[in-house]
Amino acid sequence: MSLPVMYQRWSWMTFAHWRYPAPVVQRLLPDGLTVETYLDDAWVGLAMFMMEGVRPPGLPAVPWLSRFPETNVRTYVRDRQGRSGIWFLSLDAARLPAVLGGRAGFGLPYYWSRMSVGTAGPRVRYRCRRYWPGPGGARGDAEIEMGEACTEEEYDETSHFLIERYRLFTRMAGRLATARVEHPRWPLRHARLRGLDQSLLQAGGLPEPYGPPLLHASVGVPVRIGMLHR
């Protein structure tokens, strides 16, 4: 990446993933993207975290604007050039300027929501209630307990497929666009799900997920976002 357009840190991250039949996810994708499967299925993730230190190059982080909760619903795709990356079905954020900027500057489906991320010892609690644009009321509440760091042997092929993603896709002016995302490899920890109440996946056009999710957690990584290009 020659020149990032945004610096940020993703802290207290929890990924919850479910398997879906590939055709169910493919119908939600734009022309030019194909769902990427693993173990014969598509995967959809609920990524819940705290955004920190959000700033463009050359400017300091502004406390209120630069720190806020975010929750994403994402799946994994390839374009016609064979490039692998993320397609976002939704992104909920607690700061309206971030929502407006993400929609206008990156063409991403951001939503303004009432949100919080709280920690108490090893437990992390996420809360999300969608406001705008409507219809409102979609929710994403979860509580997890972070455990010990994962060993190198536990960092397996499944973890790599779901977690290590360094490109996003979006649509700008009706055309497919992409941007690089740079960060160190996620320092993963074991995690136990203590509670989950969500309707964000259904609001994105998916059936209700079946069964418990596959969970990954991390205290976070610093991130650089590159410029959009086609």
Side-chain angles (χ1 to χ4, degrees), residues 8-20 24-25 28-29 42-52 54 66-77 86-103 106 108-120 122-146 162-163 165 168 170 181 186 188-221 223:
Q8 49 199 240
R9 179 179 176 84
W10 300 341
S11 299
W12 301 111
M13 170 69 80
T14 295
F15 298 98
H17 281 97
W18 291 268
R19 298 169 71 155
Y20 278 90
V24 171
V25 177
L28 302 176
L29 302 180
W43 292 75
V44 175
L46 187 67
M48 303 166 283
F49 59 105
M50 179 68 77
M51 289 271 273
E52 297 183 306
V54 180
S66 67
R67 187 175 190 273
F68 53 89
E70 184 165 319
T71 294
N72 303 333
V73 178
R74 52 189 250 174
T75 192
Y76 309 109
V77 297
I86 299 170
W87 177 260
F88 292 102
L89 299 178
S90 65
L91 306 93
D92 287 75
R95 296 288 182 266
L96 182 57
V99 170
L100 298 176
R103 282 181 165 265
F106 276 79
L108 293 170
Y110 264 97
Y111 293 83
W112 185 29
S113 299
R114 180 181 179 181
M115 306 179 72
S116 65
V117 177
T119 60
R123 296 203 177 190
V124 187
R125 176 180 291 182
Y126 306 91
R127 294 290 182 266
C128 174
R129 289 292 185 280
R130 184 173 290 172
Y131 281 157
W132 177 89
R139 64 193 181 279
D141 297 347
E143 184 172 340
I144 66 110
E145 183 176 328
M146 281 200 186
L162 297 174
I163 306 304
R165 294 287 170 164
L168 65 85
T170 185
V181 180
W186 284 98
L188 295 179
R189 290 181 172 271
H190 292 282
R192 179 180 299 178
L193 188 64
R194 293 294 188 180
L196 177 66
D197 180 19
Q198 73 80 36
S199 59
L200 296 175
L201 274 68
Q202 297 92 304
L206 290 162
E208 184 174 353
Y210 174 76
L214 178 61
L215 219 61
H216 297 85
S218 177
V219 294
V221 292
V223 181

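For Thr71 (side chain) and Met48 (main-chain N/O), no donor-acceptor pair under 3.5 Å exists by modelled atom type. Side chain of Arg9 to main chain of Glu52: no donor-acceptor pair is present (N/O by atom type, distance under 3.5 Å, no hydrogens or angles). A donor-acceptor contact shorter than 3.5 Å links the side chain of Thr75 to the backbone of Trp43. In this structure, Tyr131 contributes its side chain and Arg114 its backbone to no donor-acceptor pair below 3.5 Å. Between the side chain of Thr170 and the backbone N or O of Phe106, at least one donor-acceptor pair lies under 3.5 Å. Not a single donor-acceptor pair under 3.5 Å links the side chain of Tyr126 to the backbone N or O of Pro69. Between the Trp18 side chain and the Gly211 main chain, a donor and an acceptor come within less than 3.5 Å of each other.
Note: Leu196 CG to Leu215 CG = 9.0 Å, rounded to the nearest 0.5 Å. Atom-to-atom distance recorded for Tyr111:OH and Leu200:CG is 10.0 Å, nearest 0.5 angstrom.
Counting non-hydrogen atoms of other residues, nucleotides and ligands closer than 6.0 Å to CZ of Arg194 gives a total above 12.
Under the 4.5 Å side-chain criterion, counting only non-hydrogen atoms from C-beta, Asp141 is in contact with Arg129. In this structure the side chain of Leu162 never reaches within 4.5 angstrom of the side chain of Phe15, judged on heavy atoms.
With respect to Asp92, the salt bridge (Lys or Arg N to Asp or Glu O under 4.0 Å) criterion is satisfied by exactly one of Arg139, Arg74, Arg130: Arg130.
Seen from the ring of Phe68, Arg95 does not count as a face-on cation partner, given the 6.0 Å and 45° thresholds.
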